[in-house]
Each structure stands twice: as structure tokens, then as C-alpha cells.
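Okay, structure first, notes after.
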Number of protein chains: 2
Amino acid sequence: MTDTTTAERSHVRGSLNRDRVLHGALEFADREGIEPLTIRRLADHLGVKPMTIYHYVANKEAIIDGMIDLVFDEIERPPADGAWRAGIRSRAASLREVLRRHPWATPLMESRTNPGAATLGHHDAVLACWYRSGLPLELIAHGLAVVDAFVYGFALQEAALPFGDHQGDLTEAAEEIILPLPTGEHPNLVRFTQEHVLQPGYDFGRSFDFGLDLILDGLEAAARRDEDAR
Amino acid sequence: MTDTTTAERSHVRGSLNRDRVLHGALEFADREGIEPLTIRRLADHLGVKPMTIYHYVANKEAIIDGMIDLVFDEIERPPADGAWRAGIRSRAASLREVLRRHPWATPLMESRTNPGAATLGHHDAVLACWYRSGLPLELIAHGLAVVDAFVYGFALQEAALPFGDHQGDLTEAAEEIILPLPTGEHPNLVRFTQEHVLQPGYDFGRSFDFGLDLILDGLEAAARRDEDAR
DNA sequence: GACACTACTCGTACTTAGTACGATGAGTCA
DNA sequence: TGACTCATCGTACTAAGTACGAGTAGTGTC
């Protein structure tokens, strides 16, 4: 969205720049996770020595701020026109997809105190869509909070699934963690695992569309009730 | 829930034990956050030297596992009888309250691969309540995922609010972050801040009950539709 | 009462982080 | 050519996690 022209390098001498640092960090975190992301390893990944990085960013915190802003930049914004419900829906779906690509980011998205341009722009565009709905302000605020809570929480749960969400891993993990439990102590956990999680075709992600539509339906119903009440 | 008898200390000599380590860590994290929680600082907090701690826990990861299990232990479980909706509702409210007391815990609740007894027991009790609802399995799975996603996501957002959620802090933060933005660049952000967030009596938390009821209503409606369809 | 034993505590030190400070060297322009 | 600039990096300091093994204070035994 915010187009990252590679322009501003007037001095071509340097092979590195802030952009490459941030994208390198993003790649690294996607592959290895955010905890293993250290300045030294990032430097290796970028083919430079650790201290070189500090020429482009103030410190590690600034790198994380920048990474989160890159993530926000990837999220599809609701179009400036069209039905609000479709806009909110597709933005929510996009947010979820982006968080699947960057599972380490979920807990950080709303907790950074130094929002970047893409972050602010994204939130502004989302608010624009909500405002366009014509819903009463109270409902807009509720909708905003509930939809985002749902998407972030869902992403948090998806991130906790044994990686890749390629069936096999999940099956394996379920069998390793749940089934060997002391016999009979957690009957419901075992039952649910066996008759649902371990069934062929099981897909946690299916609950996403279900939940999102459930929430949007509920909001529209509330809007109708609200309208009738005046 | 899992009652933590101080019994198993047959040798009274030691002033420390695993329990005190974990509770100390919990207190520390509640007060200072989880990042500042280091073995050295925890040792200070407990009045011992760092290496003493390792007599009671294998390593820092084990401390975090234990802390999360303590948090799960604080969550009110749905009672073994009574209406499922009330059980799910009060458990969700309790989960949210617990996560408010331990905001650092939210991202970790579902991502630890070494669940403790309280964690497993909690999930088993929640599943029991869902099963008691008599909803079709597919709906149970959706309900489970959607309610938890909502609560965790909501907690994540609440944790991101300038601490204490004592009005003043939030007002201050909103004024410091949003209002000084480049004039006119984020009209919706500014508008929403002014006409909603900065209004007297604003309370983000109100959206919790709204969202939770919206989801539960939606589930009941889906259950009715499902029943009619057979 | 002396002694060995055990459980707990801690001192020391090694490894891996973040990063301050200043040196080096390559290109640029006068 | 020499002064200047800027990107890169070497060195080193501080703070983490924690391995290893030494001290020590009770306890039970003869």
C-alpha cells in the first residue's frame, strides 16, 4: 500500500538500507519465529556484521515496530465504496490470512506504542468503512471491537496449532499430547479429540467463516432492532 | 481448583519451593510484565540467589509453563450442571477477568506445548459443558472456537490499552498518539477518538458483554435452524 | 556426641544477547 | 591529491540463562 520506493538511496555504495533490514527481519521471523530473531542472526541473514544494522535502525524495538508496520501494510483495506459488510468481511479475512503468514505478529499488532504510517492508514481506512455503514456510533464501536477481537483471537489460536496446519502435524500432536493422558482423567478432551479433531477432513479454520458471519449477522440484526426502536 | 497444599515440604529447612517460585513469578509478571521477568530479578524478588531457583524448576520455560497453569487454575470452570449457555457465559467472563489480572498471559495461554494439570482440567470441564448443550458436534466445535477466539482477542486488545484502564491514562494516550497526527491525514481516526474514545464514560470493556451475547445468540439461532432442518 | 548423609543454597564462570564507541576504508568532490 | 562523508565493522561492556560444583545446615545413626 504505502509504496516503498527504493529511491531514497542517493549513495549506492551501501548495499543495506532500512527497508532491507526490515524485510530481512520479517523473512527471518516468518521462517524461525520472533524469539530466535536476534541482531546477530539477522546480521548473518543479511550478510553483514551486527553493528551495521544500527546504522539503519535505532534499536531492536524499532525493528519490531517496522516489522509490524510492514504486516499492517499487507492487509487489504476495505474499499472506499461498496457495501460496508462486504468491506469489513474481506478486510477481516485478509487480516486473518496475513496473520497466518506472520503468526508471530498477532500478539504485537495492537500493543506497539509507536504505530507506523501503514498501521495508522489501515485503521483509518477500516474506520471509514464502519462510518460508511451508517450504524449508530455505539454499534460501530462494538462492531469494531468484536470483529477485531474475533480475528485476533482466532489468529492466536491458529498460531498455536502445530505448525503448517498440514493435517499430519496436528494429528501427530493431538495423539502425542491428548491421548497419552492418565486414563479416564479427561474424558471430554479425549472424546473431542477422537470424534472430531482426529477425523479425516478436520479443519479448525472452518470456524473462521462461521464466526465471522455469525458476528456480522448479529450486528445487522442489532442495527435493525435499533432502527425499529426509533 | 487444583488445591495447592503446602504439604509436600517434608523438609522445612528450605524456605523456597516450586510453588513459591511460581507464585513469585506470577506476582512479578503481574506487576512488571513478562519481559522484565528474568531469573535474576525473580531471585531478588524471592530473596534468594539466581541459581537457587534451579533447584525447583528445570529452566525458565518450565517457570512459564507453571505460571500459565496457575492462570488456568484461576479461571472459574463451568458448573457440572445447569444451562450450558450460562455455564459458557460465566466461564468466558471469568476468563476475561483473569486475563485482565494477568495481561502478559493472553498470548501464551494456548501456545504452550506442555499443558499442566489445571490447564487440561479446565479445558475438559469446558468441553463437558459444551457437550451437555446437546448441540451437534459441528456446532460445538464452532462455538468453542468462536467464543475462545473472541475472549482471547478481546483480552489482547484490553491488554494493549494504556494500563490500568483508569480513564485518565487512556485519555492521555489517545491525545498523545492520535491527535498530534499530521493534520487531516487520518480523519476517521481523529473523528472516532474525539467523538467516542474521549467522551466521558467511554469504556472499551462494554463491548465484551455485547460481543459475547451476540455470539451466544447466534449459536442458539444456529442450533434452532439446525433442529428445524431435520 | 561424632560422623556421614542429604537437601538446599549459592559462587563462579561460560555462552549468547543488545548495543556504545570509535576505527577503518571506500568513494566523492574541490 | 587531500579533506570529507558515510557505510561498515572490531572491540568491548552489560545483562541474560544456566552448567558445575562447592559450601552448609539440619538429620539420623552408631
Side-chain angles (χ1 to χ4, degrees), chain A residues 4-29 31-68 104 108 111-114, chain B residues 4-29 31-68 104 108 111-114:
Chain A
T4 313
T5 54
T6 12
E8 71 259 357
R9 286 183 276 154
S10 47
H11 305 268
V12 193
R13 190 144 30 100
S15 70
L16 207 56
N17 58 38
R18 186 187 145 90
D19 228 67
R20 255 196 264 280
V21 168
L22 297 182
H23 277 98
L26 199 68
E27 274 170 37
F28 188 96
R31 187 164 20 239
E32 313 279 342
I34 192 126
E35 274 187 19
L37 175 67
T38 68
I39 296 288
R40 288 162 211 260
R41 278 199 272 258
L42 175 56
D44 272 356
H45 181 69
L46 293 169
V48 302
K49 301 290 168 182
M51 287 315 291
T52 306
I53 290 173
Y54 287 92
H55 196 71
Y56 302 97
V57 295
N59 51 39
K60 195 179 177 183
E61 283 298 287
I63 296 181
I64 309 229
D65 284 341
M67 292 166 74
I68 292 298
W104 51 269
L108 304 175
S111 63
R112 305 261 91 199
T113 47
N114 250 316
Chain B
T4 313
T5 54
T6 12
E8 71 261 356
R9 286 184 276 154
S10 48
H11 304 268
V12 193
R13 189 146 28 101
S15 69
L16 206 55
N17 57 37
R18 186 186 145 90
D19 228 65
R20 254 195 263 281
V21 168
L22 296 183
H23 277 98
L26 199 70
E27 275 171 37
F28 188 96
R31 187 165 18 241
E32 313 279 342
I34 192 125
E35 275 187 18
L37 175 67
T38 68
I39 296 288
R40 287 160 211 260
R41 279 199 271 258
L42 176 56
D44 272 356
H45 181 69
L46 293 170
V48 301
K49 300 291 167 182
M51 286 316 291
T52 305
I53 290 175
Y54 287 92
H55 196 71
Y56 301 96
V57 295
N59 51 38
K60 196 179 176 184
E61 283 298 287
I63 297 181
I64 308 229
D65 285 340
M67 292 166 74
I68 292 299
W104 51 267
L108 304 175
S111 63
R112 304 262 92 199
T113 47
N114 250 316

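The chains referred to below are lettered A, B, ... by the order of the sequence lines, with proteins before strands, and numbering in each begins at 1.
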dG18(C) OP1/OP2 closer than 4.0 Å to side-chain N/O of Lys60(A): yes
Length of the CG-P vector between Asn17(B) and dC8(C), whole Å: 9 Å
Contact summary for Lys60(A) and Thr38(A), nearest pair of heavy atoms: NZ-CA, 4.3 Å
Rounded distance in Å - CG (Leu46(B)) to P (dC10(C)): 11 Å
Among Leu37(A), Val21(A), Leu108(A), side chain to side chain contact (heavy atoms under 4.5 Å, CB included) partner for Met67(A): Leu37(A)
Distance in angstrom units between Ile39(A) CD1 and dT8(D) P, rounded: 15 Å
dC10(C) OP1/OP2 closer than 4.0 Å to side-chain N/O of Thr52(B): yes
Short side-chain N/O contact from His55(A) to OP1 or OP2 of dT8(D), under 4.0 Å: no
Neighbour count >12 (heavy atoms, 6.0 Å) for atom CZ, Arg112(B): yes
Separation of dG22(C) C1' from Met51(A) CE (nearest whole Å): 10 Å
Proximity to the side chain of Tyr56(B) - top-ranked nucleotide from dT9(C), dA16(D), dC9(D): dT9(C)
Asn59(A) CG - dG18(C) P separation (whole Å): 11 Å
N or O in side chain of Tyr54(A) less than 4.0 angstrom from dC21(C) OP1/OP2: no
Atom-pair distance (CD1 on Ile53(A); P on dC9(D)), nearest Å: 10 Å
dT8(D) OP1/OP2 closer than 4.0 Å to side-chain N/O of Ser15(A): yes
Side-chain heavy-atom pair Ile39(A), Ile63(A) within 4.5 angstrom cut-off: yes
Side chain of Thr38(B) (C-beta onward), nearest among dA16(D), dT9(C), dC10(C): dA16(D)
Arg41(A) side chain near dA17(C) phosphate (N/O to OP1/OP2, under 4.0 Å): yes
Nearest-Å distance for atom pair CG/C1', residues Leu37(A) and dG18(C): 12 Å
Gap between atoms CZ and C1', on Arg20(A) and dA7(D) respectively (whole Å): 13 Å
Listed nucleotide nearest any side-chain atom of Arg40(A), set dC9(D), dA13(C), dG18(C): dG18(C)
Working for side chain to side chain contact (heavy atoms under 4.5 Å, CB included), residues Asp65(B) and Val57(B): CA-CA 10 Å; Asp65(B) 285 340; Val57(B) 295; over 6 Å; no
